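Take a look at the structure set out below.
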Amino acid sequence: MGKVRVFRCRICYDPYIGEEPPSRCPFCGAPARYLIPAERWDWSEHKIEISDVSRINLEAALKLELGNTAFYLCAMNAAEEAGDEYSYAKFKALKKVENEHAAVIAKSLQIEEPPLEEIPCSKDSKENTQEGWEREDRAIKAYSKFAEEAPESLLRQFFSALVEIETDHLALHAENLEE
Ligand SMILES: [Fe+2]
Ligand SMILES: [Fe+2]
């Protein structure tokens, strides 16, 4: 066993203990390059004035993330009821990551995270995988645009990281749809 260290995610700010950073942040799904040694953490890099355009885009992103969290929660419960352990695990992981995204966005907007609204889903995991794919596709398109529009380099980085993360999710759904 090697020596463990503390890392911290530049996208969701959460800490992680391990020998090396994992390939994806376990909380928000950001790629390993965003996990930095905790000793190097510097809040001054994260305290920024948010422009009007980015505020509007963060509010839209929060809506998308809350909707996707609620959808994956429904899909997770449907899979559990159907005894489909793989889909249960997948939708549970996605629900946690999207909820983390909503929490980070609410924090940067300095608002309380709004409560989840109930979103209906299918009883069938394949249909939910198809809807999940469509939701990720919409999120990727929105965040790509938000990244381009952001005057703040920190928010360009944030939205670009979300694009990468949701692209992972899209690829996962696409793979499952082929099976
Ligand atoms: Fe993270
Ligand atoms: Fe997300």
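Read the numbers this way: they start at 1 and go in the same order the structure lists the ligands and their atoms. Note that the structure is a prediction, hence the values are computed from the model and not measured.
Between Cys74 and Cys121, the gamma sulfurs sit within a distance below 2.5 angstrom.
Salt-bridge check for Glu149 with Arg156: failed, with every basic side-chain N at 4.0 Å or more from each acidic carboxylate O.
For the residue pair Glu127 / Ser122, a side-chain donor-acceptor distance below 3.5 Å is found, with atom types taken as modelled. If you check the side chains of Glu98 and His169, you find a donor sitting under 3.5 Å from an acceptor. In this structure, a donor-acceptor pair under 3.5 Å is present between the side chains of Asn176 and Lys90.
When ring centroids are compared, Trp43 and Tyr13 come within the 6.0 Å threshold.
Rounding to 10 degrees gives 110° for the angle at the Fe ion (ligand 1) between SG of Cys25 and SG of Cys9.
Inspection of the environment of the Fe ion (ligand 2) yields the following protein N, O or S atoms under 2.8 Å: Glu65 OE1, Glu65 OE2, Glu98 OE1, His101 ND1, Glu166 OE2.
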